[in-house]
Every structure is written in C-alpha cells, then in structure tokens.
Amino acid sequence: MREMRANKISELLEGKVPVGEAIRVQGWVRTRRDSKAGISFIQVHDGSCFAPIQVVASESLANYESELKRLTTGCAVIVEGTLIVSAGQGQSIEIEPTSVEVVGWVNDPETYPMQPKRHSMEYLREVAHLRPRTNLIGAVTRVRNSLAQAIHRFFHERGFFWIHTPIITASDCEGAGDMFRVSTLDMVNPPRTEAGDVDFNQDFFGKESHLTVSGQLNVETYCMAMSQVYTFGPTFRAENSNTRRHLAEFWMVEPEIAFADLLDDVALAEDFLKSIYSNLLNERADDMEFFNQHIDKGLLARLEKLVTAKFEVMTYTEAIERLSKTKKKFEFPAPWGADLQSEHERYLTEEVVQGPVAVTHYPKDIKAFYMRLDEGGKTVSAMDVLVPGIGEIIGGSQREERLDVLDARIVEMGLDPAPYWWYRDLRRYGSVPHAGFGLGFERAVMYATGVDNIREVIPFPRAPRQVGF
RNA sequence: UCCGAAGUAGCUCAGUCGGUUAGAGCGGGUGGCUGUUAACCACUAGGUCGUAGGUUCGAAUCCUACCUUCGGAGCCA
C-alpha cells in the first residue's frame with residue numbers, strides 16, 4: 001500500500017489534482033449501479049469530505065464479473081486509474097479505473113446494518129461502531145473536528161495556554177451535580193473505620209475521589225501565573241438526566257483570563273463564538289449545506305447572523321423588566337430572584353433582541369459561590385450568552401478575587417471552607433480580578449449542525465444505561 | 001427521577017370495535033433495461049408482532065408486570 005500515495009477524495013473534488021492524472025483512491029462503497037452496456041458506477045467514500053466520488057468500472061477489468069458486480073454497500077476498495085471529466089450528468093469529474101481491488105467484503109449484505117437509505121437516529125445509536133459511515137454522522141464528525149481545531153487555534157493565536165486539568169479530583173468543591181466515584185476498594189466488602197464508615201484512607205488516593213465535573217477551579221490556579229489559559233477536555237456528571245441535551249461524559253471548554261472584568265469576559269465570549277463559527281462556515285461548507293438542507297432549514301441564516309451581529313448586553317434586572325412587560329404567555333412566571341427558564345431565555349434572544357445577547361448580573365442566590373459579588377450585595381458578576389434557537393450556550397462570570405468576600409460567600413452557602421484552602425490561597429498571594437466562562441462542546445456542535453439530540457454529536461455517547469461501545 | 005408516547009421483516013412503517021394463510025416501500029437474491037445518479041421493471045426469499053404472565057373458543061390487537069427507546073419536565077453544560 002506504500003508504493004503510491006492515495007489521493008483524498010476531497011482533494012480530487014476540490015480540483016487540486018488536474019484531470020488526466022493517474023490517481024489512487026482508498027475507501028468504502030456507498031452504492032453500485034450497473035449498466036448493461038458493460039459498466040458499473042461505484043460511489044466511493046473515504047470520509048475526507050461530504051461527497052463520494054464516482055468510479056466508472058468497465059467490463060474490461062479482469063475482476064469485473066467475478067467481483068465488481070458483487071460489490072455492495074460497505075465494501076472496502078482501492079481504486080487506481082485516471083481522473084477524467086465525467087461523461088454523465090450530476091458530477092464534473094470521475095475516475096476511470098485501471099484496477100479496482102476489493103480489500104474487504106461485506107460478509108452478509110442483507111444484514112449489513114448500513115443500507116444506502118435513511119436510517120433513524122435511534123437505530124444508528126444501536127450500531128454506533130458503523131454509524132460514522134453515514135452522511136449524517138460523517139458530517140457531524142468533520143464539523144466537530146473543525147470546531148475543536150478552531151477552538152485551539154483561537155486561543156493559541158491570542159496567547160492562551162491550554163492547561164490539562166485533572167480528570168480525577170478529590171474535591172467535590174464545584175458542587176455541580178452528582179459525581180462518579182473513583183475507587184479501587186472492594187465494593188462488596190470495603191474496609192471500615194471503627195465507626196463503621198467506609199475507610200477511604202485505605203483507598204488508592206487515601207481519600208474519596210471522583211471524576212471531575214469542571215476544570216475551572218484548577219485552571220484558575222494557572223490563570224494566576226500564565227495570565228490567559230483554558231481547559232478543553234472531558235467532564236463527567238452522574239446525574240440521572242434523560243434528555244436530548246445531557247450526557248454523563250461530555251467535553252467542556254473553559255477559558256480564564258487575568259486582569260479582566262465581566263465585560264472583558266463577554267467580549268471574549270463574543271470573539272470566541274464568532275471565530276469558531278465563521279471558521280466552520282468557511283471550512284466545512286459542504287457539510288453545512290447538508291445540515292441546512294436536511295436537518296435544519298434555518299441553520300445557515302442563523303449562524304451567519306451570529307458571526308456578524310453585535311452581541312447585546314443586558315442586565316438580569318433589565319431582562320426581568322422586559323419579561324414582565326410582554327403580553328406573551330409563559331408557562332412559568334419570571335419574578336426577580338428566580339432563574340430564567342428556557343422559555344424566557346429564548347424569548348429574550350429570539351424576540352426582544354433578535355440576536356445574541358449576554359445577560360449579566362444575576363441574583364447571587366441562584367449562582368455559584370465563586371462569582372464576584374457586585375456593589376449593593378444583591379447580584380453577582382455572572383453572564384450567560386443566549387443565542388436564538390437554543391438559549392444559553394455560554395455561562396461565565398468574573399470571579400471573586402477578595403478573600404474576605406469569598407469566605408463570607410462560602411459560609412453563606414453552607415459550604416466548608418477547608419477543602420478550598422488552595423483556591424483561597426490564590427486570593428492571599430497576588431490576587432487579581434479575573435473572569436472566565438464555560439462552553440459545553442457538544443452543545444456548540446449541536447448549535448453548529450442543527451442536530452437536536454446530543455447523542456448524535458459525540459462518537460460514543462455515555463448516558464444512564466448507555467455505555468455499550 | 002417524574003409525566004406522556006412507542007416497540008410488527010435487515011431498515012422505515014401500515015395493520016387494533018379480538019376472527020382464516022400479518023402487508024407495503026426500501027434493502028438482499030435472480031432476471032431484464034439504461035452513462036447510471038438513494039435509477040427503473042419483473043420475479044423471489046425473508047416475520048417466535050419487545051419479554052413474561054393473564055382474559056378468551058380464538059390475541060399483533062384487550063389486561064398486568066417488566067425491559068428498551070423516544071418526547072417533555074427537573075438538573076444542568
């Protein structure tokens with residue numbers, strides 16, 4: 001396989017290889033159509049782009065009758081031949097092969113799970129090992145990669161450092177929901193203390209340990225030395241959530257910037273979203289066209305508006321006023337002090353602003369202890385970025401940099417300050433105003449593709465009772 | 001976890017006032033036709049109707065439990 005470099009189908013379809021060149025394509029058969037004139041049209045796909053390329057195999061090939069006419073969806077082939085101008089309609093170029101080698105057959109075509117037809121997404125989840133061969137999951141995969149690369153590029157170009165915060169943590173400080181336990185103890189007969197409790201002193205780490213629910217507290221430590229940092233890695237929540245937008249294992253992006261306030265944070269979020277989505281529209285136009293046509297007709301218009309519109313900024317208090325003035329009926333009321341429901345968020349971004357909006361300064365009682373207390377002591381410097389279509393996509397805040405205020409907030413929320421000793425140290429030694437936000441990566445992919453179930457935008461979804469692949 | 005809906009051929013579905021041999025499209029096989037486009041035409045194979053009980057002369061259809069999936073809610077990213 002080394003004697004001749006294979007051509008990516010993407011480079012052929014993009015015109016990077018001149019017609020008439022000898023080429024080689026390696027991929028999998030999508031469909032085969034026979035002509036009794038003694039030729040077969042074989043659509044070959046290699047994942048490099050949305051479209052397959054057409055291979056026009058003639059009966060003059062030695063294995064035409066014996067093998068090529070038996071090709072079915074999913075067979076792996078290596079095609080060598082010439083890139084030619086298509087003699088038919090529907091494609092500009094195609095391949096006239098000098099050889100088509102069948103590398104891997106499909107054992108039982110009738111029961112091969114991937115048929116050249118539309119499958120339900122629920123069914124595709126049951127064959128998660130084969131679903132990347134579909135148009136939909138292939139397109140999602142390229143979009144997901146494009147966004148991930150764009151995120152790293154965005155931060156890298158601005159001098160941020162990617163911090164690999166730990167997956168295993170002994171602190172449940174984040175308080176962001178139930179955690180998965182990490183333990184090497186015998187679950188059936190764990191060692192006990194004299195009081196009868198499980199003796200975690202004898203566990204691997206010598207104390208109770210869990211999978212992380214957020215890298216934020218850890219990344220703040222590096223922010224206080226490296227100035228601009230971010231985490232981008234897996235995150236785990238053991239909540240029994242059975243919805244189309246929750247996973248037990250998902251990826252999260254969390255930047256943190258020093259010498260920055262809430263409006264710097266909003267500006268970063270705006271630049272960030274515009275950057276990664278405008279890059280996507282350029283880089284994966286083929287996949288985005290597919291999503292716009294088959295998944296969500298309004299997708300491209302919405303994304304194009306997002307990357308050009310100026311994000312509005314509105315305080316929570318203003319938002320509540322706007323909600324109280326409308327005649328629109330909501331399922332839930334929106335009194336000052338309560339968290340905004342999804343229906344409220346969508347009304348604000350879709351009807352009031354008709355574009356992206358950052359809502360700031362939420363009541364302190366509905367937000368986390370580490371968010372900076374505002375003048376007046378009723379609100380904190382939190383911000384949620386709301387976008388049409390889904391509502392909240394980013395949540396962030398300026399962090400509380402004053403030790404006395406932070407301590408008071410920890411106590412006020414009924415938390416034990418002791419485990420936060422290292423987090424509190426940051427406020428004792430060279431503390432500076434800083435801010436950051438979190439973006440659920442899968443939700444960003446959902447927004448980019450219009451796919452409405454989060455289980456389609458991650459290769460192997462983990463959710464309650466779902467760990468099969 | 002709570003509320004609602006659904007499980008029938010390899011896939012997508014139709015079929016329920018209970019009643020002979022459970023149907024279609026796609027996919028597979030065979031043949032025909034065509035520089036074809038998820039081609040088209042003909043023939044053909046393929047189903048313990050989610051699982052376990054129950055009611056009945058008779059259950060895909062009615063009842064109960066369980067399993068699984070989907071949608072909504074809560075939680076949140």
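Below, chain A is the first sequence line, B the second, and so on; all start at residue 1.
Using the Watson-Crick or G-U wobble rule with both distances under 3.5 Å, B:A45 pairs with nothing in any strand shown. When Watson-Crick and G-U wobble pairs are counted only if both distances are under 3.5 Å, B:C11 pairs with B:G25. Within the shown strands, B:G54 is the pairing partner of B:C62 under the Watson-Crick or G-U definition, both distances less than 3.5 Å. Pairing of B:U68, defined by two Watson-Crick or G-U wobble distances under 3.5 Å, is identified with B:A6. Across all strands shown, B:A73 forms a Watson-Crick or G-U wobble pair with B:U1, both key distances being under 3.5 Å.
For the residue pair A:E80/A:T98, the side-chain donor-acceptor check at 3.5 Å is not satisfied. Side chain to side chain, A:T326 and A:Y347 meet the donor-acceptor criterion of an N or O pair below 3.5 Å. Using modelled atom types, one finds a donor on one side chain and an acceptor on the other under 3.5 Å when comparing A:Y370 with A:Q216. Under 3.5 Å, the side chains of A:W336 and A:T317 contain a donor-acceptor pair of N or O atoms.
The side chain of A:R244 sits closest to B:G71 out of B:G71, B:U12, B:C11. For A:A87, the listed nucleotide lying nearest its side chain is B:G35; candidates were B:G71, B:C75, B:G35. Among the nucleotides B:G71, B:U69, B:G35, the one closest to the side chain of A:E122 is B:U69. Comparing B:U12, B:U34, B:C76 by their nearest atom to the side chain of A:Y123 picks out B:U12. Distances from the side chain of A:F41 to the nucleotides B:U1, B:U36, B:C70 place B:U36 closest. Among B:C70, B:G35, B:C76, the nucleotide with an atom closest to any side-chain atom of A:S86 is B:G35.
In this pair, A:W162 and A:H164 present their aromatic rings perpendicular. The plane angle is above 60°, beyond the 30 to 60° band.
Protein atom NZ of A:K69 is 12 Å distant from nucleotide atom P of B:G29, rounded to whole Å. In this structure, the CE atom of A:M121 is 15 Å from the C1' atom of B:C11, given to the nearest Å. At whole-Å resolution of the value, CD in A:Q115 and P in B:C26 are 12 Å apart. Atom CG of A:L68 and atom C1' of B:U36 are 16 Å apart (whole Å). Atom CZ in A:R462 sits roughly 25 Å away from atom P in B:C76 (whole-Å rounding). Put simply, CG on A:L124 is 12 Å from C1' on B:U12, counting in whole angstrom units. One can place CG of A:D178 at 13 Å from C1' of B:G74, the figure rounded to the nearest angstrom. Look at CZ on A:R32: it is 12 Å from P on B:G27, rounded to the nearest Å.
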Quiz prompt | side chain to side chain donor-acceptor pair (under 3.5 Å) between A:R30 and A:H45, intermediate numbers included | solution = CA-CA 7 Å; A:R30 279 289 173 80; A:H45 192 266; 3.3 Å; yes

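Regarding contacts with the backbone of B:C70, a side-chain N or O of A:R455 is found under 4.0 angstrom from either OP1 or OP2. Contact annotation: A:S35 side-chain N/O to B:U34 OP1/OP2 distance is not under 4.0 Å. Contact annotation: A:Q341 side-chain N/O to B:G74 OP1/OP2 distance is under 4.0 Å. At the phosphate of B:A73, neither OP1 nor OP2 sits under 4.0 Å from any side-chain N or O atom of A:N242. Remark: A:R33 is not in phosphate contact with B:G35, judged by side-chain N or O atoms under 4.0 Å from OP1 or OP2. The side chain of A:R465 places no N or O atom within less than 4.0 Å of a non-bridging phosphate oxygen (OP1 or OP2) of B:C70.
The gap from the P atom of B:U20 to that of B:U12 amounts to 28 Å, rounded to the nearest Å. Between B:C2 and B:G46, the two C1' atoms lie 42 Å apart (nearest whole Å). B:G10 and B:U61: their C1' atoms are spaced 25 Å apart (whole Å). For B:C11 and B:G58, the P atoms lie 32 Å apart once the distance is rounded to whole Å. B:G28 and B:U51 are spaced 29 Å apart, taking the C1' atom of each and rounding to whole Å. Taking atom C1' on both nucleotides, B:G19 is separated from B:G29 by 36 Å, rounded to a whole Å. The separation of B:A14 from B:U68, taken at their C1' atoms, amounts to 23 Å, rounded to a whole angstrom. Atom P of B:A24 sits at a distance of 32 Å from the matching atom of B:U69, rounded to the whole Å.
When heavy atoms are screened at a 4.0 angstrom cut-off, A:L247 is found touching base atoms of the nucleic acid. No contact: A:E249 has no heavy atom under 4.0 Å from any strand. Across all strands, A:S40 comes closer than 4.0 Å to no nucleic acid atom at all (heavy-atom distances). Here A:G440 lies in heavy-atom contact (under 4.0 Å) with sugar-phosphate atoms only. The residue A:H246 sits close to a base: some heavy atom pair falls under 4.0 Å. The residue A:T243 sits close to a base: some heavy atom pair falls under 4.0 Å.
For the pair A:E442 and A:G90, nearest-nucleotide mapping onto RNA chain B gives the more 5' position to A:G90. When each of A:N240 and A:E392 is assigned the nucleotide of RNA chain B with its nearest heavy atom, A:N240 is the one assigned upstream, toward the 5' end.
Checked by distance alone, A:Q91 brings a side-chain donor or acceptor within 3.5 Å of a matching partner on the base of B:U36. Between the base of B:C76 and the side chain of A:S241 there is no donor-acceptor pair shorter than 3.5 Å. If you check distances only, the side chain of A:Q54 does reach the base of B:U36 with a donor-acceptor pair under 3.5 Å. Under 3.5 Å, the side chain of A:E239 and the base of B:G74 form no donor-acceptor pair of N or O atoms. A donor N or O paired with an acceptor N or O is not found under 3.5 Å between the base of B:U34 and the side-chain atoms of A:D34.
Side-chain contact between A:L13 and A:I93 is present, with heavy atoms from C-beta onward closer than 4.5 Å.
Under a cutoff of 6.0 Å and an axis angle of 45°, A:R153 and A:F155 do not form a cation-pi pair.
With sequence neighbours excluded, the residues that form a side chain to side chain donor-acceptor pair (under 3.5 Å) with A:N240 are A:N242.
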